[in-house]
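I have placed the structure first, in the form of structure tokens, so that the comments after it can refer back to it.
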Amino acid sequence: MRTPAARTRAGSAALAATAALLLGLAAAPAAVAGADHRQDATTLDGLAHRSGRYFGSAVDNPELADTDYANLLGSEFGQTTPGNGMKWYATEPRRGVFDFTAGDEIVNYARSKGLTVRGHTLLWHSQLPDWLSSGTWSADELRSILKNHITQVVKHYRGKVFAWDVANEIMNEDGTYRDNIFYKTIGPSYIADALRWARAADPKAKLYLNDYNVEGTGAKSDAYYALIQRLKADGVPVDGFGMQAHLALQYGFPYQMRQNIQRFADLGVDVAVTELDIRMILPADATRTAQQADWYGQVTSACLAVRRCVGITLWGYSDRHSWIPAAFEGQGAALPWDEELRRKPAYDAIGAALTAAAVRRTG
Ligand code: XIL
């Protein structure tokens with residue numbers, strides 16, 4: 001039974017809510033940002049939460065100084081991924097010397113805003129420190145370097161990072177293993193070892209393999225399907241498959257994306273869309289922008305159609321801070337917010353897809 005005092009509190013809360021509604025303040029941000037946006041049906045994360053998913057955006061350290069950008073990130077999204085701050089060059093700039101400054105900055109920001117953090121990435125062929133990529137290593141030496149790196153980084157973020165991209169981009173387009181320094185030196189066993197070391201360092205973190213051009217069916221996603229099936233059969237800890245989803249209008253929508261997500265889920269792993277952006281050849285025009293919106297809606301629906309597709313992360317949420325123009329000449333306009341942080345049609349398409357899924361779930 002509620003005490004009179006509790007009734008009074010509830011009564012005045014109801015009154016305040018009515019007053020706020022009348023004043024049009026219903027969605028006024030909480031004074032201390034917590035996980036409130038998770039319940040707020042006017043944000044993408046709030047809408048996703050109604051279907052048990054998160055909606056996130058990556059952030060690169062310098063962007064946190066852009067206050068408008070950082071505030072919108074903190075209110076609209078429920079999850080973030082450091083764009084660069086946890087990569088090997090940043091976390092172990094000299095052999096055996098770890099620097100968690102950049103990653104910690106993002107974890108602290110995320111905590112202050114009530115966002116969860118995906119860790120990215122423990123092992124990749126790119127953005128390695130020079131000491132590592134230009135060194136000459138025996139298989140045993142490199143194995144112990146890799147083990148130490150994974151152990152130190154994952155331990156440092158234990159309890160702060162809920163999922164790790166353990167291995168990033170380890171396959172070629174034709175489904176053969178990428179000839180990265182680990183494959184060349186150690187052979188394919190480095191993949192299972194990396195997963196085991198990550199598990200030992202944080203038994204609770206979800207461990208992912210992550211790559212691009214795997215959103216649809218094809219040789220590359222077939223290779224991951226076979227690899228995950230084998231790892232599972234061997235008892236290797238693999239919990240998830242990350243589809244980066246760096247899409248481009250000129251290359252067509254990924255073939256059978258929903259079915260592809262489903263077959264990975266059926267293997268017994270989670271799936272996440274980890275780095276979504278949808279670029280176009282510039283200039284953007286109304287037709288391309290409308291097609292982009294349609295694709296954002298389609299990706300969202302494909303994920304939400306599969307129970308084990310746990311969430312979606314944009315690779316930055318606005319054209320103000322996007323890696324695309326620097327990486328793909330003449331292309332851009334890839335995100336749902338423009339350079340002025342105004343919403344584009346893609347925003348509404350994502351919102352509509354999230355809403356439709358929430359209605360299906362409760363209806
Ligand atoms: C990108 C970052 O966004 C850029 O700032 C950096 O210069 C290069 O890397 N796939 C990945 C991400 O897994 O780590 C990449 O991030 C984008 C492609």
Side-chain angles (χ1 to χ4, degrees), residues 56-66 69-70 73 77 79-93 101-103 105-107 109-110 117-130 132-133 149-150 153 157 161 163-173 177-178 180-183 191 194 198 206-215 220-221 224 240-248 251 254 271-279 299 311-329 331-337 339:
S57 168
V59 68
D60 198 12
N61 289 77
E63 297 160 13
L64 290 175
D66 179 345
Y69 186 84
L73 175 70
F77 299 97
Q79 176 273 328
T80 192
T81 306
N84 288 300
M86 291 185 186
K87 289 174 181 173
W88 200 316
Y89 80 93
T91 49
E92 195 183 356
T101 320
E105 189 185 22
I106 287 174
V107 166
Y109 160 83
V117 180
R118 288 190 91 255
H120 175 82
T121 172
L122 298 173
L123 145 199
W124 191 23
H125 64 275
S126 187
Q127 296 183 282
L128 292 172
D130 271 350
L132 175 54
S133 46
H149 180 76
I150 290 177
V153 175
Y157 289 110
V161 157
W164 273 106
D165 290 331
V166 175
N168 196 33
E169 303 182 352
I170 58 170
M171 292 285 182
N172 294 315
E173 294 306 299
Y177 286 118
R178 188 190 282 270
N180 64 26
I181 187 174
F182 310 103
Y183 182 82
I191 300 163
K206 300 281 184 196
L207 307 180
Y208 279 68
L209 306 179
N210 191 55
D211 212 326
Y212 61 93
N213 277 352
V214 293
E215 300 75 27
K220 200 175 185 180
S221 68
Y224 276 101
F241 185 43
M243 300 179 171
Q244 292 183 5
H246 292 296
L247 309 184
Y251 299 139
V271 176
V273 176
T274 52
E275 304 184 15
L276 178 60
D277 48 27
I278 305 178
R279 62 188 188 267
V299 170
I312 299 175
T313 308
L314 303 171
W315 204 242
Y317 69 87
S318 97
D319 298 333
R320 182 186 292 188
H321 301 294
S322 165
W323 72 300
I324 297 290
F328 303 92
E329 212 191 321
Q331 300 178 48
L335 283 317
W337 278 260
E339 290 179 20

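Start at 1 and go down the list; that is how both ligands and their atoms are numbered.
- The shortest heavy-atom distance from Trp315 to ligand 1 is under 4.0 Å.
- Around NZ of Lys206, the count of heavy atoms belonging to other residues, nucleotides or ligands within 6.0 Å does not exceed 12.
- Judged by the 6.0 Å distance and 45° axis criteria, Arg279 is positioned over the aromatic ring of Phe328.
- Residue Trp323 places no N or O, backbone or side chain, under 3.5 Å from any N or O of ligand 1.
- Between Asp60 and ligand 1, no N or O atom pair is found at a separation short of 3.5 Å.
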*Could you please spell out the steps behind the side-chain contact (heavy atoms from CB on, under 4.5 Å) verdict for His120 and Met86?*
CA-CA 6 Å; His120 175 82; Met86 291 185 186; 5.8 Å; no

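- When non-hydrogen atoms are compared, ligand 1 lies under 4.0 Å from the side chain of Trp124 (C-beta onward) but not from its backbone.
- Among all protein heavy atoms, the one lying closest to atom 11 (C) of ligand 1 is Glu275 OE1, 2.9 Å.
- In this comparison of Thr121, Asn84, Asn168, the heavy atom closest to atom 4 (C) of ligand 1 sits on Asn84.
- His321 and Asp60 are not linked by any side-chain donor-acceptor pair at a separation below 3.5 angstrom, with hydrogens and angles left out of the test.
- Under the ring-ring contact (aromatic ring centres under 6.0 Å, His included) test applied with Phe77, the options Tyr69, Tyr317, Tyr109 reduce to a single match, Tyr317.
- Counting the atoms of ligand 1 from 1 in the order shown, those under 4.0 Å from a heavy atom of His246 are 10 (N), 17 (C), 18 (C).
- Under a 3.5 Å cut-off, the side chain of Asn172 and the backbone N or O of Tyr177 do form a donor-acceptor pair.
- Relative to atom 15 (C) of ligand 1, the option among Lys87, Gln244, Gln127 with the closest non-hydrogen atom is Lys87.
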